[in-house]
> 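Submitted below is the structure of interest, expressed as structure tokens.
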Amino acid sequence: MNATSAGGLLLCRAEYDVIGPAVPLLREPFLLAPAGRGWSALVPEGEPWPGGAEPVDRVLSGWATALAVATDHPLLALWWDEDRAGFTLATGFRRPVGYVWLADGTPAGEDEAMHTFAARLGLDPVLDLQALEALTRPEPDAGARARLIGLTAVLGRTGLVLPEGVVPGGQTDGIRAAARAAAVREEQEAAAGQERGHTAHALGHRPTGPSVPAIVQIAAGFPLTVWGLARRSAGWTVAGAVLLAHGALALARDRGPVR
């Protein structure tokens, strides 16, 4: 992989307007854009891992786990830095599964992880799994960036289509610009649909009720916070604390007097 700054993005197996209401849980600015049939992409606008204060893989994994629990949809975190690249798949309360490659593409993960990854996303146990297993074999000409791109190519069979310019392992500024352009196009199309009298959901859509069940958020936030504190991981601790706080506030609103 070419020397690039650390970066990452999240892919949610849910439509654009399903994941949107839960994004504020992370308390970080994100660019949200459609990513094909049944997928959406989230690109962080900032860099919460500058100077190695918190490894990018740990930050992205914490975000993915929080959103997977909050939305009950699979979240795939793709991340990279100068030395490694990899992914983490979070699905509800189950233990996340992931894989890592060194910068030159050398596999550094467990083969069984790909089997679990395919099963949890409902991929074809023959064709798709064969393609994923190929990513776990040494290949001199395939660096870490090529492995991430290969991973998303396999997911293309499920409907994933990354916005133009959003390329895993690429320069973060270029990825942000591409995601911002895709988000703007979605807003414009949503606005045009509303003008024509059709139902459309823009990026700023807000539901009339709580975006996610408060009890679920509290139940998910507590173990995440404890686990993050035990591991001394700021990313996981913050993700758990945000879920706890958001769940408590939503629960208080639900039980408050109706005005």
> State, yes or no, whether a side-chain contact exists between Q130 and D124 at a heavy-atom distance under 4.5 Å.
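They are not in contact (no side-chain heavy atoms under 4.5 Å apart), so the answer is no.
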
> Hey, what do you get for CG (D111) to CE (M114), rounding to the nearest 0.5 Å?
8.5 Å

> Would you please say whether a donor-acceptor pair under 3.5 Å links the side chains of W39 and T158?
yes

> Let me confirm one number: the CG-CG distance from L11 to L160, rounded to the nearest 0.5 Å.
5.5 Å

> Carefully, step by step, assess T91 and L121 under the rule side-chain contact (heavy atoms from CB on, under 4.5 Å).
CA-CA 9 Å; T91 49; L121 284 180; 5.6 Å; no

> Taking L78 as the fixed residue, which of L151, T88, L60 is the one that meets the side chain to side chain contact (heavy atoms under 4.5 Å, CB included) rule?
L151

> Tell me whether R13 contacts the main-chain N or O of G38 through its side chain, where contact means a donor paired with an acceptor under 3.5 Å.
no

> Calculate, to the nearest 0.5 Å, the distance between atoms CG and CG belonging to L75 and L67 respectively.
5.0 Å

> Are any side-chain N or O atoms of R157 and backbone N or O atoms of D128, one a donor and one an acceptor, separated by less than 3.5 Å?
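It does not hold such a pair.
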
> Between the main-chain N or O of A14 and the side-chain N or O of S40, is there a donor-acceptor pair closer than 3.5 Å?
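Yes; judged by distance alone, with no hydrogens or angles, the pair exists.
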
> side-chain contact (heavy atoms from CB on, under 4.5 Å) for W63 and L10? Distances and angles first, verdict last.
CA-CA 8 Å; W63 285 343; L10 297 175; 3.9 Å; yes

> For E110, does the CD atom sit with more than 12 other heavy atoms under 6.0 Å from it, leaving out its own atoms?
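For E110, atom CD is not crowded (no more than 12 foreign heavy atoms under 6.0 Å).
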
> How far apart are the closest heavy atoms of G86 and L148, and which atoms are they?
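That closest heavy-atom pairing would be O-CD2, 3.6 Å.
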
> Would you check if F87 and Y99 make a side-chain contact, meaning some heavy-atom pair closer than 4.5 Å?
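F87 vs Y99: side chains touch.
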
> If you look at every heavy atom in A68 and G92, which pair is closest and at what distance?
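It is CB-N, 3.8 Å.
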
> Short question: side chain of T65, backbone of G62 - any donor-acceptor pair under 3.5 Å?
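Side chain of T65 to backbone of G62, a donor-acceptor pair under 3.5 Å: no, none is there.
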
> For G7 and T172, which heavy atoms make the closest approach, and how far apart are they?
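Shortest heavy-atom separation between G7 and T172 comes out as CA-CG2, 3.7 Å.
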
> Looking at side-chain heavy atoms only, is the closest gap between C12 and H73 below 4.5 Å?
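Contact flag for C12/H73 side chains = yes.
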
> With distance as the sole test, does T116 use its side chain to make a donor-acceptor pair with the main-chain N or O of E112 at under 3.5 Å?
yes

> So W79 and L9, side-chain contact (heavy atoms from CB on, under 4.5 Å) or not? Walk me through it.
CA-CA 7 Å; W79 56 268; L9 59 95; over 6 Å; no

> Quick check against the 3.5 Å criterion: does W80 have a side-chain atom that pairs as donor or acceptor with the backbone of D57?
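No, W80 side chain to D57 backbone: no donor-acceptor pair under 3.5 Å.
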
> Could you check if a side-chain atom of T152 sits within less than 4.5 angstrom of a side-chain atom of P168, using non-hydrogen atoms only?
yes

> For residues L32 and A183, report the shortest heavy-atom separation together with the two atoms involved.
O-CB, 3.3 Å

> Testing the basics here: between A131 and V154, what is the closest heavy-atom pair and its distance to 0.1 Å?
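Minimum heavy-atom contact is CB-CG2, 3.7 Å.
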
> Would the distance check show the side chain of R147 and the main-chain N or O of G105 forming a donor-acceptor pair, the cut-off being under 3.5 Å?
yes

> What about L162 and I149, same hydrophobic cluster or not, with Ile/Leu/Val/Met/Phe/Trp/Tyr joined at side-chain heavy-atom distances under 4.5 Å?
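As far as the 4.5 Å side-chain criterion goes, I149 and L162 are not connected within one cluster.
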
> Output yes when a side-chain donor or acceptor of H115 lies under 3.5 Å from a complementary backbone atom of A113, and no otherwise.
no

> Looking at R180 and E45, is any side-chain nitrogen of the basic one under 4.0 Å from a carboxylate oxygen of the acidic one?
yes

> Distance check, rounded to the nearest 0.5 Å: F30 atom CZ versus I19 atom CD1?
9.5 Å

> Give me the atom names and distance for the closest heavy-atom approach of A179 to V166.
N-CG2, 3.9 Å

